[in-house]
Amino acid sequence: MEMTSQTEPLLSDSNEPSSESDISKEKKKSKWTRTQILTVIILPLMNLVRASSFGVIVPFYPTEATKKGVSTVVIGFIFGTYELVEFLASPIFGSIACSL
């Protein structure tokens, strides 16, 4: 019968690092790069600016467009087209953002 040393665990978990060098490698792997940090900061800011600019136009655009003779159907198409383009472009830009 073989005896195990006291420093060796009887059951080792494969997810746990086995030495100090493995621990330092894991810490280095979990560190974000400068590009990733900038991406995490810039993308939400861009989304905020986009939503704010659209939110500012929405209350005023229909009355101003109606004053200039634009029908309500065309106004609906304008707002609908914006949402449609955003819906179609989201997966494309999402895949680009994931590759950064």
Side-chain angles (χ1 to χ4, degrees):
M1 181 174 232
E2 209 175 296
M3 299 289 288
T4 59
S5 70
Q6 289 181 341
T7 59
E8 230 179 63
L10 295 175
L11 298 173
S12 65
D13 188 8
S14 62
N15 292 335
E16 290 184 19
S18 60
S19 69
E20 287 181 29
S21 64
D22 289 341
I23 294 171
S24 64
K25 285 179 187 177
E26 282 188 19
K27 286 182 182 177
K28 288 179 183 177
K29 285 182 186 178
S30 66
K31 203 170 196 178
W32 286 19
T33 64
R34 182 174 187 242
T35 305
Q36 290 171 332
I37 292 170
L38 287 174
T39 303
V40 168
I41 292 170
I42 290 172
L43 284 178
L45 286 175
M46 286 175 42
N47 193 24
L48 177 67
V49 169
R50 181 206 52 84
S52 298
S53 64
F54 190 67
V56 167
I57 293 172
V58 170
F60 304 109
Y61 185 78
T63 54
E64 293 299 319
T66 306
K67 286 179 189 176
K68 295 181 180 187
V70 179
S71 71
T72 55
V73 173
V74 174
I75 295 170
F77 279 132
I78 291 170
F79 286 116
T81 303
Y82 174 79
E83 295 298 331
L84 178 66
V85 169
E86 185 178 12
F87 175 75
L88 295 175
S90 292
I92 296 166
F93 289 117
S95 65
I96 292 170
C98 287
S99 67
L100 293 179

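Taking CG of Leu38 as the start and CG of Leu43 as the end, the distance is 10.5 Å to the nearest 0.5 Å. The structure places CD of Gln36 at 12.0 Å from CD1 of Ile41, a figure rounded to the nearest 0.5 Å.
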Solution key, residues 54-73 side-chain donor-acceptor pairs under 3.5 Å, sequence neighbours excluded:
| residue | atom | partner | partner atom | Å |
| --- | --- | --- | --- | --- |
| Thr63 | OG1 | Phe60 | O | 3.0 |
| Thr66 | OG1 | Pro62 | O | 2.6 |
| Ser71 | OG | Val74 | N | 3.4 |

Which pairs would a plain distance check flag for residues 81-91, meaning a side-chain donor or acceptor within less than 3.5 Å of a matching protein atom at least two apart in sequence or in another chain?
| residue | atom | partner | partner atom | Å |
| --- | --- | --- | --- | --- |
| Thr81 | OG1 | Phe77 | O | 2.6 |
| Tyr82 | OH | Arg50 | NH1 | 3.2 |
| Glu86 | OE2 | Arg50 | NH1 | 3.1 |
| Glu86 | OE2 | Arg50 | NH2 | 3.3 |
| Ser90 | OG | Glu86 | O | 2.6 |

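Within the structure, salt bridge (charged side-chain N to carboxylate O under 4.0 Å, His left out) contacts touching residues 33-47 (residues at least two apart or in different chains) do not occur.
In Phe79, the CZ atom is crowded: over 12 heavy atoms of neighbouring residues, nucleotides or ligands sit closer than 6.0 Å.
Through side-chain heavy atoms spaced under 4.5 Å, either directly or across other Ile, Leu, Val, Met, Phe, Trp or Tyr residues, Leu48 is tied to no other residue.
Taking Ile92 as the reference, Ile96 meet the side chain to side chain contact (heavy atoms under 4.5 Å, CB included) condition, with sequence neighbours excluded. Partners of Ser53 under the side chain to side chain contact (heavy atoms under 4.5 Å, CB included) rule, at least two apart in sequence or in another chain, do not exist in this structure.
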